[in-house]
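Here the structure is laid out as structure tokens; the discussion comes afterwards.
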Amino acid sequence: MSEVTATPTHFIHEIIEADNAARKWGTWPDGRPRVHTRFPPEPNGYLHIGHAKSICLNFGLAKHYGGKFNLRFDDTNPCKEEQEYVDSIVEDVRWLGGDWEDRLLFASDYFKQMYDWACLLIKKGKAYVCDLTPEETSKHRGSLTRPGTNSPFRDRSVAENLDLFDRMRKGEFPDGSRTLKAKIDMASPNLNLRDPVMYRILHAEHHRTGNAWCIYPMYDWEHGLEDSIEGITHSICTLEFENHRPLYDWFIDAINEGETSPIHHPQQIEFARLALTHSLMSKRKLLELVKDGHVRGWDDPRMPTVSGLRRRGYTPESVRAFCADIGVARFNGVIEVVRLENALRDHLNKIAPRRLAVLRPLKLVIENFPEGAVEELDAVNNPEDAAAGTRKVPFSKVLYIEREDFAETPPKGYFRLFPGNEVRLRYAFFVKCTGCVKDPATGEVTEVHCTYDPATRGGDSPDGRKVKGTIHWVSAAHAINAEVRLYDHLFKTTEPEDVPEGVSYLTNLNPESLVTLSGCKLEPSLAACEARRDSHGTLTPDRVQFERHGYFCVDPDSKAGALVFNRAVSLKDSWAKAKGR
RNA sequence: UACCCGGUAGUGUAAUGGUAGCACAGCAGGUUUUGGUCCUGCUUGUCGAGGUUCGAAUCCUCGCCGGGUAGCCA
């Protein structure tokens with residue numbers, strides 16, 4: 001069975017496979033059925049995980065069926081769009097693995113063609129220049145339950161419409177004074193069909209066309225034309241455009257009516273956008289979080305933006321796996337964010353080198369270990385990947401262990417260090433706790449003491465003796481210092497936007513979403529880690545597993561000798577779960 | 001009280017007139033030099049009522065519930 005005829009995994013596959021079987025969209029030169037998708041962002045903000053779903057869908061479909069994928073900027077509103085956003089979107093789509101080859105396209109490049117088609121519609125009596133103000137237009141539209149009323153300018157002559165539209169283009173009229181509208185049906189139950197605006201007057205500088213135009217096309221008019229020009233077969237968008245589909249079809253049909261060589265008519269298909277628990281996808285609110293300083297920027301590791309995920313330590317592979325895993329449907333649900341976190345764990349478990357790192361250090365003194373001696377011990381780099389090999393880790397008389405790995409009076413089921421208990425120091429020796437030293441003023445434990453069994457070197461006892469606990473450690477004399485940032489959900493509630501009337505979603509912000517730890521003690525090999533960048537300048541930080549903690553990556557805030565690590569995701573912790581009960 | 005679209009375990013997603021399955025979460029156990037990984041088992045579901053049919057998650061009707069739509073935004 002060839003890849004192309006594999007079992008469909010969702011309804012869009014079914015549509016495409018039926019189209020392919022019927023050769024609905026023709027074929028490529030090599031004879032295979034044509035599939036051509038696109039991702040059409042407006043460059044007015046940063047991409048987030050919801051966009052990633054769309055990118056993976058569109059690019060994935062093109063790739064699966066041996067088709068093509070375009071990256072097209074839908075830059076038809078000069079008031080909101082900026083080059084900065086174009087650049088970040090290009091970077092994010094590329095990072096996610098989207099390949100548009102030489103087709104990085106801009107809707108603004110089609111302005112002249114769209115204008116000509118608009119004139120054609122005027123000549124066909126299907127479009128007219130309307131002098132109604134925005135407020136009047138709104139009134140004439142009627143309501144959800146009342147039909148609209150015709151504009152008094154609806155029946156202007158073709159000649160007058162052509163003249164007025166030409167003068168709109170030349171900039172003779174002020175912003176908002178006139179529009180070009182499609183003549184459809186003011187009584188349609190679908191409000192989108194009540195003589196929608198095709199062009200508005202905007203004397204604004206466009207990021208690419210400058211001042212060449214002072215009329216700009218509206219989404220409903222423009223979008224299908226862009227798809228048509230590019231030969232898009234399946235124009236995939238989100239569910240809220242469902243009511244717009246009749247208009248998408250109407251415009252292209254209107255252009256084609258009576259023509260001997262009709263333009264290409266793609267098929268619009270809607271799917272459910274992504275929503276994640278403990279998260280937010282609204283561009284406006286994301287911007288607010290950045291502007292008001294609730295996060296450190298668009299790429300704050302707590303943000304659901306693609307750049308945030310990247311800085312957090314997510315791999316493109318894990319984001320793609322997540323998008324494939326959650327599926328595509330026509331139901332607006334909410335995905336549990338643990339699914340995303342799990343996708344990362346899955347990938348990093350396979351590829352991340354293991355390292356020893358003590359986040360909240362507590363001194364462990366080995367009473368019977370010779371002063372000044374150093375043992376070089378072999379540590380496995382990745383138990384999931386034998387090819388990753390081993391490394392040497394220095395061991396000495398004074399170590400750091402995790403504060404939470406010692407308890408003077410252990411809770412039930414605790415099998416870490418406590419007086420009289422023996423545990424294994426990972427890759428090193430068995431040690432038996434002999435007691436601890438406390439600060440007489442505060443009562444805080446400042447040092448733990450133990451003895452080690454030299455016969456257990458490497459972590460196995462020749463006499464077959466077993467220990468229940470294995471803890472990690474770092475040699476105090478060899479440790480390097482680092483800052484570690486622990487992240488938790490930005491919002492403490494599952495659906496942060498779900499707030500009572502008059503209450504801000506900001507009240508759902510999690511005050512503990514960022515915990516910064518300084519003076520963390522890392523094994524010396526970690527000194528070589530970097531916040532690397534690829535040949536495009538895109539961040540690809542080194543990622544490691546700190547054993548028993550989680551997966552971490554190097555943050556670009558790092559400086560020589562002062563590394564900063566971000567926790568991408570913790571390891572599953574059944575002990576923490578058991579304690580919580 | 002208009003039109004459009006939806007409703008399957010806690011969450012998401014399959015089954016397209018023929019045994020309601022999968023993933024994640026949860027629970028229990030096994031393995032383990034990470035309380036990780038891995039492995040095994042278990043709990044939990046077709047919004048409701050009618051109808052068509054030998055047989056309905058699927059088709060029909062009527063309800064109920066949810067989402068979308070009244071920008072010169074996309």
Side-chain angles (χ1 to χ4, degrees), chain A residues 7-11 14 40-42 44 74-77 79-81 130 132-135 137-139 141-148 175-181 188-194 196-202 215-216 218-220 222-223 237-246 270 272 277 283 325-336 338-339 341-343 345-346 349-350 354 356 379-380 383-384 413-416 424-428 430 456 458-460 466-472 494 545-550 570-579:
Chain A
T7 310
T9 51
H10 54 70
F11 78 99
E14 291 186 13
E42 182 188 14
N44 72 341
D74 204 2
D75 54 349
T76 58
N77 185 351
C79 307
K80 297 165 59 176
E81 296 153 8
C130 181
L132 255 25
T133 64
E135 297 71 32
T137 291
S138 178
K139 275 208 185 72
R141 187 152 36 227
S143 75
L144 294 175
T145 50
R146 296 244 172 287
D175 289 4
S177 60
R178 286 175 220 265
T179 57
L180 184 73
K181 289 179 178 172
S188 172
N190 182 342
L191 272 61
N192 295 126
L193 262 20
R194 319 244 264 226
V197 173
M198 296 166 63
Y199 279 93
R200 76 281 212 184
I201 300 171
L202 245 31
I215 54 170
Y216 289 90
M218 297 288 292
Y219 173 86
D220 286 312
E222 137 265 295
H223 203 85
C237 61
T238 45
L239 249 27
E240 71 270 25
F241 290 104
E242 202 162 1
N243 296 331
H244 295 244
R245 195 189 332 136
E270 309 86 20
T277 61
K283 268 185 190 177
D325 186 46
I326 57 176
V328 177
R330 291 174 59 82
F331 173 73
N332 267 318
V334 183
I335 305 284
E336 291 172 334
V338 294
R339 298 275 292 273
E341 295 165 352
N342 241 321
R345 279 196 197 97
D346 255 17
N349 177 47
K350 294 187 189 85
R354 271 55 169 176
L356 301 180
V380 173
E384 305 293 316
Y414 187 86
F415 37 82
R416 277 111 100 144
R424 171 168 39 234
L425 294 177
R426 183 100 160 129
Y427 305 125
F430 284 11
T456 57
D460 272 318
K466 300 287 183 201
V467 288
K468 293 200 85 168
T470 299
I471 66 174
H472 60 277
T494 55
Q545 183 195 100
F546 289 170
E547 294 213 27
R548 301 210 301 135
H549 280 301
S570 67
L571 252 26
K572 284 187 187 165
D573 188 348
S574 57
W575 168 240
K577 199 188 279 182
K579 267 194 311 183

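Within every chain, numbering begins at 1; the chains are lettered A, B, ... in the order of the sequence lines, protein sequences first and strands thereafter. Predicted model, so just to flag it, every value in this text is computed and none were measured. We use all heavy atoms of the structure for the numbers below, so side chains are in, but hydrogens, waters and symmetry mates are not.
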Original post:
In terms of side-chain heavy atoms of Leu571(A), which of U69(B), G12(B), G36(B) is nearest?
Top reply: G36(B)
**OP:** For Val334(A), report the nucleic acid contact type (base, sugar-phosphate, nothing); a contact means any heavy atom under 4.0 Å.
**Re:** sugar-phosphate
Subject >> Rounded interatomic separation in angstrom, taking CG from Leu193(A) and P from A2(B) >> reply: 19 Å
**OP:** Name the residue closer to the 5' end of RNA chain B, choosing between Val328(A) and Asn349(A) according to the nucleotide with the nearest heavy atom.
**Re:** Val328(A)
**OP:** Give a yes or no on whether a donor-acceptor pair under 3.5 Å exists between the nucleobase atoms of U37(B), that is its base, and the side chain of Arg345(A).
**Re:** no
**OP:** Indicate, with a heavy-atom threshold strictly under 4.0 Å, whether Tyr414(A) touches base, sugar-phosphate, or nothing.
**Re:** base
Original post:
Does any non-hydrogen side-chain atom of Thr76(A) lie less than 4.5 Å from one of Tyr219(A)?
Top reply: no
Original post:
Taking a pair as Watson-Crick or G-U wobble with both distances under 3.5 Å, which nucleotide is matched to C72(B)?
Top reply: none
Subject >> Pairing nucleotide - C59(B), Watson-Crick or G-U, each distance under 3.5 Å >> reply: G51(B)
Original post:
U34(B), A2(B), A74(B): which one has an atom nearest the side-chain heavy atoms of Phe241(A)?
Top reply: A74(B)
Original post:
Given side chains that start at C-beta, do those of Leu425(A) and Ile471(A) come closer than 4.5 Å, heavy atoms only?
Top reply: yes
Subject >> Rounded distance in Å between the P positions of C22(B) and A15(B) >> reply: 15 Å
**OP:** Measure from CD on Glu547(A) to P on G36(B) and round the result to the nearest Å.
**Re:** 13 Å
**OP:** Give one of base, sugar-phosphate or nothing for Pro41(A), where a contact means two heavy atoms less than 4.0 Å apart.
**Re:** nothing
**OP:** For A28(B) and G48(B), measure between their P atoms and round to the nearest Å.
**Re:** 31 Å
**OP:** Give a yes or no answer on whether the side chain of Arg424(A) reaches the backbone of Gly459(A) with a donor-acceptor pair at less than 3.5 Å.
**Re:** yes
Original post:
At under 4.0 Å, does any side-chain N or O of Ser574(A) touch on OP1 or OP2 of G36(B)?
Top reply: yes
Original post:
Is there a side-chain contact between Glu384(A) and Arg354(A) (heavy atoms, below 4.5 Å)?
Top reply: yes
Subject >> Nucleotide paired to U31(B) in any strand shown, Watson-Crick or G-U, under 3.5 Å >> reply: none
**OP:** Determine the interplanar angle of the Phe415(A) and Trp575(A) rings, folded into 0 to 90°, and report it as parallel if under 30°, tilted if 30 to 60°, perpendicular if over 60°.
**Re:** tilted
**OP:** Please state the C1' separation for the pair G30(B) and U37(B) - nearest whole angstrom.
**Re:** 14 Å
Original post:
Nearest-Å distance, CZ (Phe11(A)) to C1' (A15(B))?
Top reply: 17 Å
Subject >> N/O donor-acceptor pair, side chain Glu240(A) with base U69(B), under 3.5 angstrom >> reply: no
**OP:** Check the distance between G67(B)'s C1' and Asn243(A)'s CG and give it to me in whole angstrom.
**Re:** 11 Å
**OP:** Determine the Euclidean distance between corresponding C1' atoms of G6(B) and U46(B); express it in Å to zero decimal places.
**Re:** 15 Å
**OP:** For A70(B), take OP1 and OP2 only and decide whether either is under 4.0 Å from a side-chain N or O of Lys139(A).
**Re:** no
Original post:
Please give, in whole Å, the distance from U13(B) C1' to His10(A) NE2?
Top reply: 11 Å
Original post:
What integer number of Å spans the P atoms of A23(B) and U43(B)?
Top reply: 15 Å
**OP:** Quick one: label Gln545(A) by what it contacts on the DNA or RNA (base, sugar-phosphate, nothing), any heavy atom closer than 4.0 Å.
**Re:** base
Original post:
Below 4.5 Å, heavy atoms only, C-beta onward: do Thr470(A) and Arg548(A) meet side chain to side chain?
Top reply: no
Original post:
Do His244(A) and His223(A) have their ring centres less than 6.0 Å from each other?
Top reply: no
Pairwise N/O distances under 3.5 Å, protein to nucleotides 71-73 of chain B:
unit_1: G71(B); atom_1: OP2; unit_2: Arg141(A); atom_2: NH2; d: 3.1
unit_1: C72(B); atom_1: OP1; unit_2: Arg141(A); atom_2: NH2; d: 3.3
unit_1: C72(B); atom_1: OP2; unit_2: Arg141(A); atom_2: NH1; d: 3.1
unit_1: C72(B); atom_1: N3; unit_2: Gly176(A); atom_2: O; d: 3.2
unit_1: C72(B); atom_1: N4; unit_2: Leu132(A); atom_2: O; d: 2.6
unit_1: C72(B); atom_1: N4; unit_2: Pro134(A); atom_2: N; d: 3.2
unit_1: C72(B); atom_1: N4; unit_2: Gly176(A); atom_2: O; d: 3.1
unit_1: C73(B); atom_1: OP2; unit_2: Arg200(A); atom_2: NE; d: 3.0
unit_1: C73(B); atom_1: OP2; unit_2: Arg200(A); atom_2: NH2; d: 3.0
unit_1: C73(B); atom_1: O3'; unit_2: Arg200(A); atom_2: NH2; d: 3.1
unit_1: C73(B); atom_1: O2'; unit_2: Asn77(A); atom_2: ND2; d: 3.0
unit_1: C73(B); atom_1: O2'; unit_2: Lys80(A); atom_2: NZ; d: 3.1

Subject >> From Glu242(A) atom CD to Asn192(A) atom CG, the distance as rounded to the nearest 0.5 Å >> reply: 11.5 Å
Subject >> Pairing nucleotide - G26(B), Watson-Crick or G-U, each distance under 3.5 Å >> reply: C42(B)
Subject >> Proximity to the side chain of Asp74(A) - top-ranked nucleotide from G12(B), A74(B), U34(B) >> reply: A74(B)
**OP:** Taking atom P in both C64(B) and A56(B), compute the distance separating them and give it to the nearest angstrom.
**Re:** 26 Å
Original post:
C65(B) pairs with which nucleotide, Watson-Crick or G-U wobble, both distances below 3.5 Å?
Top reply: G6(B)
Original post:
Across all strands shown, which nucleotide pairs with G21(B) by Watson-Crick or G-U wobble geometry, both distances under 3.5 Å?
Top reply: U13(B)
Original post:
Just how far, in rounded Å, is P of A2(B) from CG of Asn190(A)?
Top reply: 16 Å
**OP:** Could you check if the base of G6(B) is syn or anti? Syn means the glycosidic torsion is within 90 degrees of 0.
**Re:** anti
Subject >> Nearest-angstrom distance, P atom, C24(B) to G66(B) >> reply: 32 Å
Subject >> Donor-acceptor contact present, side-chain Thr179(A) to main-chain Val197(A), <3.5 Å >> reply: no
Original post:
What is the nucleic acid contact for Tyr427(A), judged by heavy atoms within less than 4.0 Å: base, sugar-phosphate only, or nothing?
Top reply: base
Original post:
Are Val380(A) and Arg426(A) close enough that some pair of their side-chain heavy atoms sits under 4.5 Å apart?
Top reply: no
Original post:
Are Lys181(A) and Leu132(A) close enough that some pair of their side-chain heavy atoms sits under 4.5 Å apart?
Top reply: yes
Subject >> Heavy-atom check, side chain of Asn77(A) versus side chain of Tyr216(A), under 4.5 Å >> reply: no
Original post:
Over how many whole Å does the gap from Arg330(A) atom CZ to C5(B) atom P extend?
Top reply: 8 Å
Original post:
Does A74(B) have OP1 or OP2 sitting under 4.0 Å from an N or O in the side chain of Lys283(A)?
Top reply: no
**OP:** Between U44(B) and G10(B), how far apart are the C1' atoms? Round to whole Å, please.
**Re:** 8 Å
Report all interatomic pairs (protein N or O, nucleotide N or O of nucleotides 22-24 of chain B) with separations under 3.5 Å.
unit_1: C24(B); atom_1: O3'; unit_2: Asn342(A); atom_2: ND2; d: 2.8

Original post:
Which whole-number value in Å describes the distance from Arg426(A) CZ to U37(B) P?
Top reply: 13 Å
Subject >> Glu384(A) (side chain) and G36(B) (base): donor-acceptor pair under 3.5 Å >> reply: yes
Original post:
What distance do Glu336(A) atom CD and Thr277(A) atom OG1 have between them, rounded to the nearest 0.5 Å?
Top reply: 6.0 Å
Original post:
Taking for each residue the nucleotide of RNA chain B bearing the nearest heavy atom, is the 5' side occupied by Glu81(A) or by Arg548(A)?
Top reply: Arg548(A)
Original post:
Any idea which of A74(B), G67(B), A2(B) is nearest the His244(A) side chain?
Top reply: A74(B)
